[in-house]
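Below: the structure, in structure tokens.
Count residues from 1 along the sequence.
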Amino acid sequence: MEEFQLHSTPPLETIPAGRFLIIYLKTYDILNLGPKDLKPLLDKVRSLNMSFTHSSSGRLLAIEETSEGPLFSILIRVRISD
């Protein structure tokens, strides 16, 4: 930030160096994600012949009210390596 003379307000997050996969999901049950929900992410890491490592994170992006209840939009970021 200093090098490019950029201004920001807290909180400020830095992402560690490395390779990551990111998936965006919509779910009605944010606390009950399973292999079926994460299948696209699992398939991609297998196709790259890589594995998950540390520094994974999740983030709630939005909550929409629907007739079936709240619909959560989330982002999951996983670090991968050979």
Side-chain angles (χ1 to χ4, degrees):
M1 301 260 318
E2 292 173 5
E3 180 180 346
F4 295 107
Q5 299 178 346
L6 300 173
H7 300 284
S8 179
T9 58
L12 181 64
E13 176 189 359
T14 60
I15 299 172
R19 297 179 72 181
F20 289 86
L21 292 177
I22 296 173
I23 187 171
Y24 297 93
L25 299 172
K26 288 193 174 203
T27 181
Y28 288 101
D29 193 353
I30 195 169
L31 299 177
N32 236 348
L33 296 178
K36 182 179 176 183
D37 302 300
L38 301 176
K39 187 173 180 347
L41 190 61
L42 298 169
D43 290 347
K44 184 62 178 180
V45 80
R46 284 184 190 127
S47 75
L48 295 171
N49 199 28
M50 300 185 103
S51 60
F52 299 120
T53 64
H54 62 292
S55 296
S56 296
S57 65
R59 182 162 301 184
L60 176 63
L61 301 175
I63 303 171
E64 301 171 49
E65 286 298 330
T66 71
S67 58
E68 291 131 21
L71 179 61
F72 300 94
S73 295
I74 60 174
L75 173 149
I76 298 172
R77 180 180 64 211
V78 294
R79 189 178 200 149
I80 58 174
S81 70
D82 298 346

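With rounding to the nearest 0.5 angstrom, the NZ atom of Lys39 is 7.5 Å from the CZ atom of Arg46. Taken to the nearest 0.5 Å, the NZ atom of Lys44 stands 12.0 Å off from the CD1 atom of Ile23. Rounding to the nearest 0.5 Å gives a distance of 8.0 Å between CD1 of Ile22 and OG of Ser57.
No continuous path of ILVMFWY side-chain contacts below 4.5 Å connects Leu75 to Leu42, so the two sit in separate hydrophobic clusters. Residues Ile80 and Phe20 fall into different hydrophobic clusters, defined by Ile, Leu, Val, Met, Phe, Trp and Tyr side chains chained together at heavy-atom separations under 4.5 Å.
When all heavy atoms of Tyr28 and Phe72 are compared, the closest pair comes out as O-CE1, 3.7 Å. Of all non-hydrogen atoms in Ser81 and Thr53, the two that sit nearest each other are OG-CG2, 3.0 Å.
More than 12 heavy atoms of other residues, nucleotides or ligands shown are found within 6.0 angstrom of CG on Asp43.
Residues Leu25 and Leu38 meet the side-chain proximity criterion, which asks for heavy atoms closer than 4.5 Å. Looking at heavy atoms from C-beta onward, Tyr24 lies out of side-chain contact with Ile74 at the 4.5 angstrom threshold. Looking at heavy atoms from C-beta onward, Leu33 lies in side-chain contact with Ile76 at the 4.5 angstrom threshold.
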Sequence neighbours left out, cut at 3.5 Å: what donor-acceptor pairs do the side chains of residues 60-67 make with other protein atoms?
| unit_1 | atom_1 | unit_2 | atom_2 | d |
| --- | --- | --- | --- | --- |
| Glu64 | OE2 | Lys26 | NZ | 2.7 |
| Thr66 | OG1 | Glu68 | N | 3.2 |
| Thr66 | OG1 | Gly69 | N | 3.3 |
| Thr66 | OG1 | Gly69 | O | 2.5 |

